[in-house]
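First the structure, in the form of structure tokens, and then the observations on it.
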Amino acid sequence: MYYTCSLIVRSFNEEKHIGRLLEGIKKQTLYSETEVILVDSGSTDNTVKIALEHGAKVISIKPEEFSFGRALNKGCEMAAGKYLLFASAHVYPVYTDWIKKMIQPFDNKNIALVYGKQIGNEITKYSESQIFKKWFPDDSNYNQDHPFCNNANAVVRKELWLNQQYDETLTGLEDLDWARKIEQKGHVIAYEADAPIVHVHEESISKIKNRYMREAIALKKIFPKQHMSLLDFARLYVANTFSDFVHARHDGVLFKNVSEIIRFRYMQFWGTYKGFKHGEVNTRLRQRFYYPNGLRKSSTEERENAEKIVYLKGNHAG
């Protein structure tokens, strides 16, 4: 059967969140033109059961066979859609036209990949919300001049994936690696600010460090000249912590977030340093990945003439 879009979701023990994502998919204006494929890497909870109840196709891989790129490639192989849409299992769309907005930029034949806006919710750590604002600004960009993107909310042309699959050896950043290679072939990366999803991160402090460490390992493999010195660690940690303090004070939430900001930013940059080891960060991507927000308030305005999805509070499992 032909579909306009195939949604591919990677999962491992996501019963708390997967139902809300699938509920949001069913409310999409392009739902009838979309198939849902779950690539599960050995969940022991009800993740697979919930996905099947919502009509998703399920692919199972062994945990020891998992990599981010391999899971995506497995899902893409099964996909029947013209466009391959990727979403983390712990995200959910804000508006009913999310899928429509994500594929709309492909009217430009040169665009190979579109990635959408990400925001946090009430449990998002303050520093994480600042990262979202830095990485996913309020204005769209249909001709981005660098390969930054994020597969928690991204879509690619299947015809291009057939000729260039995801690197299955990377410990992360398979999205950036794919985007870099496709740009080198003359294609364009687009950012769509009007297709937001809520990205729910519920990580312990140690998992935050591990996330940034594996991403730094991957970034160094993609860009072998990338490095970070101990001085870079200290400078970036202090700069981002100070920036968070300024923004939190402006938002009136500094007192309750001081400890969390200090711990988050320390683990973020200590993990990054451990991944990079020694040297200097010297590519222009460092500004998007590591530098703090400008010292001004960033806001996300709700879209006019767009229908928001109303989720039942607490009904995470569907």
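Computed from a predicted model, the values in this text were never measured in an experiment. This chain uses plain numbering: 1 for the first residue, then up along the sequence.
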* Roughly how far, to the nearest 0.5 Å, is the CD1 atom of I205 from the CE atom of M267? -> 6.0 Å
* Examine M213 and Y266 and state if one hydrophobic cluster contains both, with Ile, Leu, Val, Met, Phe, Trp and Tyr joined whenever side-chain heavy atoms are less than 4.5 Å apart. => no
* **Check: H17/E202 side-chain N/O donor and acceptor closer than 3.5 Å** => yes
* From Q184 atom CD to I182 atom CD1, the distance as rounded to the nearest 0.5 Å -> 10.0 Å
* Asked: Does the side chain of N151 reach to within under 4.5 Å of the side chain of R10, using non-hydrogen atoms?
  -> yes
* What about L236 and L230, same hydrophobic cluster or not, with Ile/Leu/Val/Met/Phe/Trp/Tyr joined at side-chain heavy-atom distances under 4.5 Å? -> yes
* **Ring centroid separation W98 to Y95 under 6.0 Å** => no
* Check ion pair K57-E35 (N to O, under 4.0 angstrom) -> yes
* How about P93 and V198: do any of their side-chain heavy atoms sit closer than 4.5 Å? -> no
* Answer with yes or no whether the hydrophobic clustering places I123 together with I119; edges join I, L, V, M, F, W, Y residues whose side-chain heavy atoms lie under 4.5 Å apart. => yes
* For residues D175 and Y115, is any side-chain donor paired with an opposing acceptor at under 3.5 Å? -> no
* Intermediate values then yes/no, side chain to side chain contact (heavy atoms under 4.5 Å, CB included), S88 and H199 -> CA-CA 8 Å; S88 294; H199 194 156; 4.3 Å; yes
* Asked: Side chains of E183 and I189: does their closest heavy-atom pair fall under 4.5 Å?
  -> yes
* Decide whether I8 and L162 are clustered together by the hydrophobic rule: side chain heavy atoms of Ile, Leu, Val, Met, Phe, Trp, Tyr closer than 4.5 Å, transitively. => yes
* Nearest non-hydrogen partners of N13 and S43, listed with the distance -> N-OG, 2.6 Å
* Taking side chain as C-beta onward, heavy atoms only, is Q130 less than 4.5 Å from F264? -> no
* Asked: Under the 3.5 angstrom rule, does the side chain of R157 hit a backbone N or O of I111 as a donor-acceptor pair?
  -> yes
* **Exercise: do N121 and T124 side chains pair donor with acceptor under 3.5 Å** => yes
* Asked: Is it the case that S11 and D40 place a side-chain donor and acceptor less than 3.5 Å from each other?
  -> yes
* Asked: More than 12 foreign heavy atoms under 6.0 Å from OH of Y2: is that the case here?
  -> yes
* **Shared hydrophobic cluster for V9 and F12 (ILVMFWY, side-chain gaps under 4.5 Å)** => no
* To do: Report the C-alpha separation of E192 and Y142 in whole Å, then their side-chain angles, then the decisive distance to 0.1 Å, and conclude whether the side-chain hydrogen bond (donor to acceptor under 3.5 Å, both in side chains) test is met.
  => CA-CA 7 Å; E192 180 54 77; Y142 288 0; 2.3 Å; yes
* Could you verify whether a donor N or O on one side chain and an acceptor N or O on the other, from Y237 and Q268, lie under 3.5 Å apart? => no
* Asked: Where do V155 and M102 come nearest, in terms of heavy atoms and distance?
  -> CG1-O, 3.5 Å
* To do: Return the minimal non-hydrogen interatomic distance between Y212 and I131, and the atom names on each side.
  => OH-CD1, 3.2 Å
* Answer yes when K27 and E23 have at least one side-chain N-carboxylate O distance shorter than 4.0 Å, and no when they do not. => yes
* To do: Count the heavy atoms of every other residue, nucleotide or ligand shown that sit under 6.0 Å from NZ of K26, and state whether that count exceeds 12.
  => yes
* Only one of W270, F269, F276 passes ring-ring contact (aromatic ring centres under 6.0 Å, His included) with Y273; say which it is. => W270
* Heavy-atom count around K181 NZ within 6.0 Å, excluding the residue itself: above 12? -> yes
* **Heavy-atom side-chain contact between T34 and T4 under 4.5 Å** => no
* Neighbour count >12 (heavy atoms, 6.0 Å) for atom NZ, K74 -> no
* Picking from V58, T47, L38, what satisfies side-chain contact (heavy atoms from CB on, under 4.5 Å) with L52? -> V58
* To do: Can you see which heavy atom on E174 is nearest to which on Y166, and at what distance?
  => O-CD2, 3.4 Å
* Structure fact -> Note: K117 and F136 closest approach over all heavy atoms is NZ-O, 3.3 Å
* Reported CG-to-CD1 distance for the pair D244 and I261, which is rounded to 0.5 angstrom -> 5.0 Å
* **I208 and K125, any side-chain heavy atoms less than 4.5 Å apart** => yes
* Spacing of CG belonging to D167 relative to CZ belonging to R70, to within rounding of 0.5 Å -> 10.0 Å
* Modelled atom types, side-chain donor and acceptor of T169 and K221, under 3.5 Å -> yes
* **V188 side chain near N108 side chain, heavy-atom distance below 4.5 Å** => no
* Hey, what do you get for OG (S41) to CD1 (I59), rounding to the nearest 0.5 Å? -> 12.0 Å
* What's the spacing between L30 CG and D97 CG if we round to 0.5 Å? -> 9.0 Å
* Minimum heavy-atom separation for F132 to H201, with atom names? -> CZ-ND1, 4.3 Å
* Scan side-chain atoms only and decide if D232 and S229 contain a donor-acceptor pair under the 3.5 Å cut-off. => yes
